[in-house]
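Since this is a predicted model, take the numbers as computed values, not measurements.
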Amino acid sequence: MADPAASLPKAGGGDAKPRHVAIIMDGNGRWAVNKGWPRLVGHRRGAERVKQIVRACPDMGVNWLTLYAFSTENWKRTAEEVLGLMRIFARYIEREADGLSAEGVRMRFIGGRERLDPRLQRLMAGIEARTACNSRLNLTVAINYGGRDEIARAAARMAERIARGEIQAPTEADFAACLDTAGQPDPDLVIRTSGETRTSNFLPYQAAYSEYEFTPTLWPDFTPDHLAAILDRFGLRDRRFGGA
(Lines give C-alpha, C1' and ligand atoms only; values in the text may rest on other atoms or scores of the structure.)
Protein backbone atom coordinates (compact mmCIF):
# COMPACT_ATOMS: atom_id res chain seq x y z
CA MET A 1 0.00 0.00 0.00
CA ALA A 2 1.38 3.39 -0.98
CA ASP A 3 2.09 6.13 1.53
CA PRO A 4 -1.43 7.52 2.23
CA ALA A 5 -0.14 11.07 2.23
CA ALA A 6 1.64 10.79 -1.11
CA SER A 7 -1.27 11.73 -3.37
CA LEU A 8 -3.56 13.51 -0.92
CA PRO A 9 -4.04 17.17 -0.02
CA LYS A 10 -1.60 18.67 2.43
CA ALA A 11 -2.72 20.12 5.74
CA GLY A 12 -4.91 23.16 5.21
CA GLY A 13 -5.38 22.19 1.54
CA GLY A 14 -8.45 24.39 1.22
CA ASP A 15 -10.30 23.48 -1.97
CA ALA A 16 -8.63 20.09 -2.47
CA LYS A 17 -11.00 17.36 -3.64
CA PRO A 18 -10.74 13.59 -3.03
CA ARG A 19 -9.68 11.47 -5.98
CA HIS A 20 -11.09 8.27 -4.44
CA VAL A 21 -14.54 8.22 -2.83
CA ALA A 22 -16.04 5.09 -1.27
CA ILE A 23 -19.75 4.93 -0.44
CA ILE A 24 -21.76 2.66 1.85
CA MET A 25 -25.08 2.83 0.00
CA ASP A 26 -27.49 2.40 2.89
CA GLY A 27 -31.20 2.99 3.26
CA ASN A 28 -32.79 1.44 0.17
CA GLY A 29 -35.13 -0.84 2.13
CA ARG A 30 -36.13 1.85 4.62
CA TRP A 31 -36.81 4.29 1.79
CA ALA A 32 -39.29 1.84 0.28
CA VAL A 33 -40.89 0.81 3.58
CA ASN A 34 -41.41 4.48 4.50
CA LYS A 35 -43.46 4.81 1.33
CA GLY A 36 -45.41 1.61 1.92
CA TRP A 37 -43.62 -0.27 -0.87
CA PRO A 38 -41.71 -3.61 -0.90
CA ARG A 39 -38.02 -3.33 0.00
CA LEU A 40 -36.94 -4.43 -3.48
CA VAL A 41 -38.52 -1.29 -4.92
CA GLY A 42 -36.00 0.67 -2.87
CA HIS A 43 -33.13 -1.46 -4.17
CA ARG A 44 -34.24 -0.87 -7.75
CA ARG A 45 -34.41 2.87 -7.11
CA GLY A 46 -30.99 2.67 -5.51
CA ALA A 47 -29.58 1.10 -8.69
CA GLU A 48 -30.94 4.07 -10.65
CA ARG A 49 -29.16 6.38 -8.24
CA VAL A 50 -25.90 4.52 -8.83
CA LYS A 51 -26.10 5.40 -12.53
CA GLN A 52 -26.46 9.10 -11.73
CA ILE A 53 -23.60 9.19 -9.25
CA VAL A 54 -21.29 7.24 -11.57
CA ARG A 55 -21.95 9.68 -14.39
CA ALA A 56 -21.42 12.71 -12.15
CA CYS A 57 -18.12 11.67 -10.56
CA PRO A 58 -15.64 12.41 -13.36
CA ASP A 59 -16.86 16.00 -13.71
CA MET A 60 -16.39 16.43 -9.94
CA GLY A 61 -12.77 15.32 -10.12
CA VAL A 62 -13.39 11.87 -8.66
CA ASN A 63 -11.26 9.28 -10.49
CA TRP A 64 -12.02 6.29 -8.27
CA LEU A 65 -15.42 5.31 -6.88
CA THR A 66 -15.97 2.26 -4.68
CA LEU A 67 -19.53 1.21 -3.82
CA TYR A 68 -20.61 -1.20 -1.08
CA ALA A 69 -23.44 -3.16 -2.72
CA PHE A 70 -23.76 -6.42 -0.74
CA SER A 71 -21.92 -7.52 2.38
CA THR A 72 -21.02 -10.97 3.64
CA GLU A 73 -23.62 -10.34 6.36
CA ASN A 74 -26.41 -9.51 3.92
CA TRP A 75 -27.00 -13.21 3.27
CA LYS A 76 -28.96 -13.11 6.55
CA ARG A 77 -31.78 -11.28 4.79
CA THR A 78 -34.81 -13.12 3.42
CA ALA A 79 -34.26 -15.38 0.43
CA GLU A 80 -36.67 -13.20 -1.57
CA GLU A 81 -34.66 -10.05 -0.94
CA VAL A 82 -31.31 -11.72 -1.61
CA LEU A 83 -32.49 -13.26 -4.89
CA GLY A 84 -34.03 -9.95 -5.88
CA LEU A 85 -30.77 -8.13 -5.19
CA MET A 86 -28.80 -10.62 -7.29
CA ARG A 87 -31.23 -10.06 -10.18
CA ILE A 88 -30.80 -6.30 -9.82
CA PHE A 89 -27.00 -6.67 -9.93
CA ALA A 90 -27.19 -8.81 -13.07
CA ARG A 91 -29.65 -6.45 -14.74
CA TYR A 92 -27.45 -3.45 -13.95
CA ILE A 93 -24.42 -5.08 -15.58
CA GLU A 94 -26.40 -6.12 -18.65
CA ARG A 95 -28.10 -2.76 -19.15
CA GLU A 96 -25.16 -0.53 -18.31
CA ALA A 97 -22.35 -2.39 -20.06
CA ASP A 98 -22.55 -0.37 -23.28
CA GLY A 99 -22.91 2.96 -21.48
CA LEU A 100 -20.09 2.33 -19.03
CA SER A 101 -17.77 1.27 -21.83
CA ALA A 102 -18.66 4.30 -23.98
CA GLU A 103 -18.18 6.70 -21.05
CA GLY A 104 -14.70 5.41 -20.24
CA VAL A 105 -15.62 3.68 -16.98
CA ARG A 106 -13.55 0.73 -15.84
CA MET A 107 -15.63 -1.61 -13.69
CA ARG A 108 -14.20 -4.07 -11.18
CA PHE A 109 -15.55 -6.13 -8.31
CA ILE A 110 -14.17 -7.02 -4.90
CA GLY A 111 -15.37 -9.69 -2.48
CA GLY A 112 -15.67 -13.45 -2.58
CA ARG A 113 -17.33 -14.61 -5.79
CA GLU A 114 -17.63 -18.32 -5.10
CA ARG A 115 -21.02 -17.99 -3.39
CA LEU A 116 -22.56 -15.92 -6.18
CA ASP A 117 -24.72 -17.34 -8.96
CA PRO A 118 -22.53 -18.64 -11.82
CA ARG A 119 -24.36 -16.46 -14.36
CA LEU A 120 -23.70 -13.36 -12.26
CA GLN A 121 -20.05 -14.35 -11.95
CA ARG A 122 -19.82 -14.61 -15.75
CA LEU A 123 -21.41 -11.20 -16.19
CA MET A 124 -18.99 -9.69 -13.69
CA ALA A 125 -15.96 -11.20 -15.41
CA GLY A 126 -17.28 -10.12 -18.79
CA ILE A 127 -17.71 -6.45 -17.94
CA GLU A 128 -14.35 -6.38 -16.16
CA ALA A 129 -12.68 -7.64 -19.33
CA ARG A 130 -14.67 -5.34 -21.59
CA THR A 131 -13.84 -2.18 -19.64
CA ALA A 132 -10.27 -3.07 -18.63
CA CYS A 133 -8.70 -0.39 -20.83
CA ASN A 134 -10.93 2.46 -19.63
CA SER A 135 -9.60 5.08 -17.23
CA ARG A 136 -11.97 8.07 -17.03
CA LEU A 137 -13.51 6.58 -13.88
CA ASN A 138 -12.44 3.49 -11.97
CA LEU A 139 -15.63 1.98 -10.55
CA THR A 140 -15.26 -0.81 -7.98
CA VAL A 141 -18.33 -2.60 -6.64
CA ALA A 142 -18.11 -4.66 -3.45
CA ILE A 143 -20.37 -7.74 -3.67
CA ASN A 144 -20.30 -10.46 -1.03
CA TYR A 145 -17.63 -8.31 0.57
CA GLY A 146 -16.55 -8.12 4.19
CA GLY A 147 -13.38 -6.40 5.34
CA ARG A 148 -12.43 -9.09 7.82
CA ASP A 149 -13.05 -11.78 5.20
CA GLU A 150 -10.85 -9.89 2.73
CA ILE A 151 -8.04 -9.60 5.30
CA ALA A 152 -8.27 -13.33 6.11
CA ARG A 153 -8.10 -14.22 2.42
CA ALA A 154 -5.20 -11.81 1.91
CA ALA A 155 -3.33 -13.39 4.83
CA ALA A 156 -3.77 -16.81 3.21
CA ARG A 157 -2.39 -15.49 -0.09
CA MET A 158 0.51 -13.90 1.76
CA ALA A 159 1.31 -17.18 3.52
CA GLU A 160 1.32 -19.00 0.19
CA ARG A 161 3.72 -16.47 -1.33
CA ILE A 162 6.03 -16.75 1.67
CA ALA A 163 5.94 -20.55 1.45
CA ARG A 164 6.90 -20.35 -2.23
CA GLY A 165 9.82 -18.09 -1.37
CA GLU A 166 8.39 -15.11 -3.27
CA ILE A 167 8.52 -12.91 -0.16
CA GLN A 168 11.48 -12.91 2.23
CA ALA A 169 10.73 -10.04 4.63
CA PRO A 170 7.01 -9.18 4.45
CA THR A 171 6.05 -5.51 4.27
CA GLU A 172 2.79 -3.56 4.29
CA ALA A 173 3.12 -3.23 0.53
CA ASP A 174 3.38 -7.02 0.19
CA PHE A 175 0.21 -7.45 2.22
CA ALA A 176 -1.66 -4.75 0.28
CA ALA A 177 -0.77 -6.59 -2.92
CA CYS A 178 -2.70 -9.59 -1.59
CA LEU A 179 -5.89 -7.64 -0.94
CA ASP A 180 -8.85 -7.55 -3.34
CA THR A 181 -7.98 -3.89 -3.99
CA ALA A 182 -4.39 -4.56 -5.04
CA GLY A 183 -3.12 -1.76 -7.27
CA GLN A 184 -5.89 0.66 -6.29
CA PRO A 185 -5.35 3.79 -4.19
CA ASP A 186 -6.82 3.94 -0.70
CA PRO A 187 -10.05 5.94 -0.37
CA ASP A 188 -9.65 9.58 0.61
CA LEU A 189 -13.27 9.83 1.71
CA VAL A 190 -15.83 7.27 2.89
CA ILE A 191 -19.49 8.28 2.85
CA ARG A 192 -22.34 6.42 4.53
CA THR A 193 -25.92 7.33 3.75
CA SER A 194 -29.10 6.78 5.84
CA GLY A 195 -27.98 8.24 9.17
CA GLU A 196 -26.20 5.16 10.48
CA THR A 197 -22.75 5.86 11.92
CA ARG A 198 -21.11 2.45 11.56
CA THR A 199 -18.44 1.44 9.07
CA SER A 200 -19.99 -2.05 8.75
CA ASN A 201 -16.82 -3.96 7.90
CA PHE A 202 -16.17 -1.84 4.78
CA LEU A 203 -12.53 -1.42 3.71
CA PRO A 204 -11.11 -1.49 7.27
CA TYR A 205 -7.51 -1.85 6.06
CA GLN A 206 -7.72 0.59 3.15
CA ALA A 207 -9.64 3.28 5.05
CA ALA A 208 -7.12 3.62 7.89
CA TYR A 209 -6.50 7.28 6.97
CA SER A 210 -9.77 8.06 5.20
CA GLU A 211 -12.04 10.93 6.14
CA TYR A 212 -15.63 9.92 6.95
CA GLU A 213 -18.94 11.62 6.29
CA PHE A 214 -22.25 10.29 7.64
CA THR A 215 -25.35 11.75 6.06
CA PRO A 216 -28.99 11.17 7.08
CA THR A 217 -30.05 11.05 3.43
CA LEU A 218 -31.25 7.62 2.33
CA TRP A 219 -29.39 6.27 -0.70
CA PRO A 220 -32.30 6.53 -3.19
CA ASP A 221 -32.49 10.26 -2.33
CA PHE A 222 -28.73 10.86 -2.52
CA THR A 223 -28.20 13.07 -5.56
CA PRO A 224 -25.07 14.42 -7.29
CA ASP A 225 -25.79 17.70 -5.50
CA HIS A 226 -25.52 15.92 -2.14
CA LEU A 227 -22.19 14.46 -3.25
CA ALA A 228 -20.92 17.84 -4.46
CA ALA A 229 -21.69 19.42 -1.09
CA ILE A 230 -19.81 16.67 0.76
CA LEU A 231 -16.82 17.05 -1.56
CA ASP A 232 -16.78 20.78 -0.84
CA ARG A 233 -16.74 20.10 2.90
CA PHE A 234 -13.93 17.61 2.42
CA GLY A 235 -11.76 20.43 1.07
CA LEU A 236 -12.01 22.22 4.41
CA ARG A 237 -10.61 19.33 6.43
CA ASP A 238 -7.09 19.41 7.81
CA ARG A 239 -5.43 16.07 7.07
CA ARG A 240 -2.10 15.51 8.85
CA PHE A 241 -1.65 11.71 8.68
CA GLY A 242 -0.07 11.63 12.11
CA GLY A 243 2.01 14.76 11.61
CA ALA A 244 1.81 17.95 13.65
* Structure fact -> dist Asn63:CG -> Arg106:CZ (nearest 0.5 Å) comes out at 14.0 Å
* Could you give the distance from CZ (Arg95) to CD1 (Ile88), rounded to the nearest 0.5 Å? -> 10.5 Å
* Is it the case that one hydrophobic cluster holds both Val62 and Trp219, taking links as side-chain heavy atoms less than 4.5 Å apart, direct or via other members? -> yes
* Indicate yes or no for a side-chain donor-acceptor contact from Asn201 to the backbone of Gly147 under 3.5 Å, with no hydrogens or angles considered. => yes
* Which atom pair, heavy atoms only, marks the closest approach of Arg49 to Pro220? -> NH2-O, 2.6 Å
* To do: Decide yes or no on side-chain contact (heavy atoms from CB on, under 4.5 Å) for Trp64 and Asp188, but give the supporting numbers first.
  => CA-CA 10 Å; Trp64 297 78; Asp188 306 314; over 6 Å; no
* Asked: Do you know which of Gln184, His20, Arg108 makes side-chain hydrogen bond (donor to acceptor under 3.5 Å, both in side chains) with Thr66?
  -> His20
* Asked: Would you say Ile127 and Tyr145 are hydrophobically clustered, going by side-chain heavy atoms of ILVMFWY under 4.5 Å?
  -> no
* To do: Drop me the distance from Ile23's CD1 to Leu189's CG, to the nearest 0.5 angstrom.
  => 8.0 Å
* More than 12 foreign heavy atoms under 6.0 Å from CZ of Arg161: is that the case here? -> yes
* **Minimum heavy-atom distance Val82-Arg77, with the two atoms named** => CG2-O, 4.0 Å
* **Working for side-chain contact (heavy atoms from CB on, under 4.5 Å), residues Phe109 and Ile93** => CA-CA 12 Å; Phe109 299 90; Ile93 295 172; 3.7 Å; yes
* Ile53 versus Pro224, closest heavy-atom pair with distance -> CD1-N, 3.8 Å
* To do: Please assess Glu94 against Arg119 for the test salt bridge (Lys or Arg N to Asp or Glu O under 4.0 Å), listing each intermediate value before the final yes or no.
  => CA-CA 11 Å; Glu94 290 177 318; Arg119 176 173 175 271; 2.3 Å; yes
* Inspect the contact between Glu48 and Lys51 and indicate whether a charged nitrogen and a carboxylate oxygen are less than 4.0 angstrom apart. => yes
* Derivation of the side-chain contact (heavy atoms from CB on, under 4.5 Å) call for Glu81 and His43 -> CA-CA 9 Å; Glu81 184 170 356; His43 293 305; 2.8 Å; yes
* Asked: Does one hydrophobic cluster hold both Ile143 and Met25, with members joined at side-chain heavy-atom distances below 4.5 Å?
  -> yes
* Any chance you could measure Ser71, atom OG, to Asp149, atom CG, to the nearest 0.5 Å? => 10.5 Å
* Using the side-chain contact (heavy atoms from CB on, under 4.5 Å) rule, take Lys17 and Asp232 through it: C-alpha gap first, then chi angles, then the decisive distance, then the call. => CA-CA 7 Å; Lys17 294 292 180 67; Asp232 287 342; 3.4 Å; yes
* Asked: Is Phe214 reachable from Leu236 through a run of hydrophobic residues whose side-chain heavy atoms are each under 4.5 Å from the next?
  -> no
* Structure fact -> Taken to the nearest 0.5 Å, the spacing of Arg91 CZ from Leu120 CG works out to 12.0 Å
* **Exam field: side chain Glu150 to backbone Leu203, donor-acceptor pair closer than 3.5 Å** => no
* Structure fact -> Of all heavy-atom pairs linking Ala125 and Arg113, the shortest is N-NH1, 4.2 Å
* Mind checking whether Leu227 and Ile191 have side chains closer than 4.5 Å, heavy atoms only? -> yes
* Polar contact flag, side-chain donor to acceptor under 3.5 angstrom, Ser101-Asp98 -> no
* To do: Could you please spell out the steps behind the salt bridge (Lys or Arg N to Asp or Glu O under 4.0 Å) verdict for Glu96 and Arg55?
  => CA-CA 11 Å; Glu96 296 302 308; Arg55 291 194 173 98; 3.5 Å; yes
* Can you find a heavy atom in the side chain of Glu196 that is under 4.5 Å from one in the side chain of Arg30? -> yes
* Enter the distance from Arg87:CZ to Leu40:CG here, rounded to the nearest 0.5 Å. => 7.5 Å
* To do: Evaluate the side-chain proximity of Leu218 to Asn34: yes if any heavy-atom separation is below 4.5 Å, no if none is.
  => yes
* Once the angle between the rings of Tyr68 and Phe202 is folded into 0 to 90°, is it parallel (under 30°), tilted (30 to 60°) or perpendicular (over 60°)? -> parallel
* **Any side-chain heavy-atom pair of Asn74 and Leu85 under 4.5 Å** => no
* To do: Please confirm whether the backbone N or O of Asp26 pairs with a side-chain atom of Thr193, one donor and one acceptor, at under 3.5 Å?
  => yes
* Could you tell me whether Glu80 atom CD has more than 12 heavy atoms of other residues or ligands within 6.0 Å of it? => no
* Pro170 vs Ile162 side-chain heavy atoms within contact, under 4.5 Å -> yes
* Ionic contact status for Asp59 with Arg136, cut-off 4.0 Å -> yes
* State whether Trp75 and Arg115 meet the cation-pi test: NZ (Lys) or CZ (Arg) under 6.0 Å from the six-membered ring centroid, and within 45° of the perpendicular axis. => yes
* Looking at Trp31 and Asp221, what are the two nearest heavy atoms and their distance? -> NE1-OD1, 3.1 Å
* **Single-linkage hydrophobic cluster, 4.5 Å side-chain cutoff, Met86 and Leu83 together** => no
* Asked: Do Arg233 and Glu211 meet the salt-bridge criterion of a basic N to acidic O distance under 4.0 Å?
  -> no
* For Arg192 and Ser200, what are the C-alpha separation, side-chain angles and deciding distance, and is it a side chain to side chain donor-acceptor pair (under 3.5 Å)? -> CA-CA 10 Å; Arg192 180 168 188 155; Ser200 291; 2.6 Å; yes
* Minimum heavy-atom distance between Phe234 and Pro18, given as atom pair plus value -> CD2-CD, 3.3 Å
* Does any N or O in the side chain of Asn144 come within less than 3.5 Å of the main-chain N or O of Gly111, such that one atom is a donor and the other an acceptor? -> no
